[in-house]
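Residue numbers begin at 1 in each chain, while the letters A, B, ... track the order of the sequences.
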Amino acid sequence: MWANETALLGSYVLSIGGIIGIMGGLLKNFMFWLPIGIYGLIFGIILVILEYPRGRKNKGNTAERRFQSCTATLLTKLPFVDNYYFRAIAYFIVCIPSAIIVPTLLGSVFVIIGSGIYLGAACHNEKWAPVSARTEVRSQSADVTQPPSRPPPRLPQNVNNPNQI
Amino acid sequence: CCPRRIRRILDKNIKFHRMCAYMIVLMTLIHYFAHSFNVDFFTSAYTSKILRKRLVARLIQIGNAPNETYLNPIRSNVFSVGAVFLLTGGWTGVIITLSLFFMVTSSVEFIRRSYFEVFWFTHHLFIVFYGFLVVHGISMQVRGQTAASLLVHDPKRCSLINPALWPQNNCPTPVFAGSAPMTWKWVIAPMVLYVIERIIRLVRFNQQVEILKVIKHPSRVIEIQMRKKGFNAEVGQYVFIMCPQLSQLEWHPFTLTSAPEEDYCSVHVRIVGDWTTGLSKVLGADESGNEVLPSWKMPKLAIDGPFGTASEDVFNYPVAICVGSGIGVTPFASLLKSVWYKNLNPEHEMVLKKVYFFWICPETHAFEWFGDLLAYLERQLAEIGRQDLIEYHIYLTRGWDHKQAKTIYAHEEDSRDVITGLEQKTNYGRPNWDEIFSKTAQSHPNTHVGVFFCGVAALSAKLHKMSNKHSGSGVSFHYNKENF
């Protein structure tokens, strides 16, 4: 879970770093930044899409992120993404090229840390699972969807009730 | 000491903490990205393309000869990412940003609620953060010409002249210096205050806490009555409790449920997680312990506090509306007891004349002890004929099945409520706040009414809106919220 938070924040910073790289790359002095900036931005956005849906907690209800259902359905269809070993190794490999210029270095370091935490989680046999609908906490009452068929028992009308609210 | 309106702002301390954190994150990103350009300027000055520019070539050489000060903190050709680690500002910055990264990612609400230890222990990285922040600029690597040098070497004129011809053209070698670190001036005062607070906590840790009584209440609630020398609390304050036997590092906050007038202080602890379960075990209150533990077998406890909350101000208002939802009802236990004690003292005229107390719970489970307290207060007030001092309403918002509903209806005519045993009947469903506020406004024209709330955030927003909506034309509702 924490790996998800770190990798998500890292991918945000990687995308911003990519944008800065592109902007700097347009200047004459920093032309080397341009290809890496584009790479950083593209992979930053891919990582945001992959990391945004929060996986299901092992016990209790999981608080979803806003709008995460849009990308969560995509994630259930992709292969390998629920395996944390895959995420750890893939993120590590993806971030090495973007670590060579300074603007995207920060984002890459964050994502690599996130991949390290994913590796730890994978060693504990954790997996990504989509969040199911919130389990109902209603007490096991009888089905009250039908309107009552008989009127409730009423007291005689002429007794004064001082205790009624 | 300070007027109430200013003191109320201090209730929002956690919100302020978060705003500062967001600002730090934003500024860190801007700072980092701006300096990434800077680092590349420094390193690219050594590449052959740029070296063709004579001015740059000359400027980076200044500092190599003895008695010269340098402009470019990077003194040789290195790869730009490597330069980040060569610069003192660079590697301290890496440490600072990494600690900030760990602190921020573990402070999101999801991690705080579900994996609290991750949040608690990574948040202590702030020590690393502030330590390295203070030394971040110690090498003074942001450099420029000194004022004295600017008088003799005008950069506007001399930059247009071939640097090899500088001595002839009245451009002596420029002298550079870096700006001294400034951050420590801003953070030193808060750091000193924090260190003082931790020292106070250490002192309090060594003070002896005497456990007088441990009472087991239904639904896994234990009440611990304690005594400590020199401990004085106001109404509704909270303390941090630590048990070295369980964990040397964990201090857990609990609201005091005792009134200041009592000669002991008590907390009601609900057994939920591993620390509270361990606490009940060492206190002898778990299922296995049926013998009474002698006082020398009691564990050592440390109390840090008391710390204040919004509820302290309740006695300054002539009328108070107190709303507690769920576990938020605990500070009001202390409050109601204190109101009762103050009333026993006839010579001291209280400003507070009327308390409306609203208790909203999803179910009465886990708060039977509070219901008992209310029943006790009700009896005591009836004895001295002051039943109208505290008017309380209990709302049960969910958690009854059809069998319970039948029982409730069958006992509708009883003089005492079937669930709580109180004279005031329990209401079912949520309160109609518009009606409650307008009725209060009508019965108390031209008064300042204090609204005190402790509980869930959604209800807090609603009450705040209601307070603002019904204020005006004499009666004003002042909203105070306690953080949980």
message: Applying side-chain contact (heavy atoms from CB on, under 4.5 Å) to B:Tyr115 and A:Lys57, what does each step give before you reach the verdict?
response: CA-CA 11 Å; B:Tyr115 308 101; A:Lys57 245 181 2 173; 3.2 Å; yes
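- To the nearest 0.5 angstrom, B:Trp275 atom CH2 is 10.5 Å from B:Thr277 atom OG1.
- Side chains of A:Trp2 and B:Thr105: a donor-acceptor N/O pair is present below 3.5 angstrom, by distance only.
- Only the side chain of A:Arg54 comes within contact range of chain B, with at least one heavy atom under 4.5 Å from a heavy atom of that chain.
- Within residues 71-101 of chain A, the residues having any heavy atom less than 4.5 Å from a heavy atom of chain B are, in residue-number order, A:Ala99, A:Ile100, A:Ile101.
- Ring pair B:Phe126/B:Phe129: centre-to-centre distance not below 6.0 Å.
- For A:Val109, the part lying near chain B is the side chain, with the backbone staying farther off; criterion is any non-hydrogen pair under 4.5 Å.
- More than 12 heavy atoms of other shown residues, nucleotides or ligands fall within 6.0 angstrom of atom CZ in B:Arg112.
- Most heavy-atom pairs under 4.5 Å with chain B: of the set A:Val102, A:Ile16, A:Leu105, this distinction falls to A:Val102.
- Annotation: side chain of B:Trp359 is in contact with side chain of B:Leu374 (closest heavy-atom distance under 4.5 Å).
- Within a 6.0 Å sphere centred on OH of B:Tyr22, heavy atoms belonging to other residues, nucleotides or ligands number 12 at most.
- Residues B:Leu87 and B:Trp91 form no side-chain contact, since every pair of their non-hydrogen atoms from C-beta on lies 4.5 Å or further apart.
- Proximity to chain B among residues 111-126 of chain A is limited to A:Ile113, judged by heavy-atom separations below 4.5 angstrom.
- For B:Val104, the part lying near chain A is the side chain, with the backbone staying farther off; criterion is any non-hydrogen pair under 4.5 Å.
- Below 30°, between 30° and 60°, or above 60°: for B:His124 and B:Trp120 the angle between ring planes is above 60°, a perpendicular geometry.
- Taking B:Phe41, B:Phe101, B:Phe102 one by one and counting their heavy-atom pairs under 4.5 Å with chain A, the maximum is reached by B:Phe101.
- Only the side chain of B:Tyr32 comes within contact range of chain A, with heavy atoms under 4.5 Å apart.
- Remark: the B:Asp40 side chain and the A:Trp33 side chain contain an N/O donor-acceptor pair separated by less than 3.5 Å.
- Judged by the 6.0 Å and 45° rule, B:Arg430 forms no cation-pi pair with B:Tyr395.
- Checking B:Thr43 against B:Ser80 by side-chain atom types alone, no donor-acceptor pair falls below 3.5 Å.
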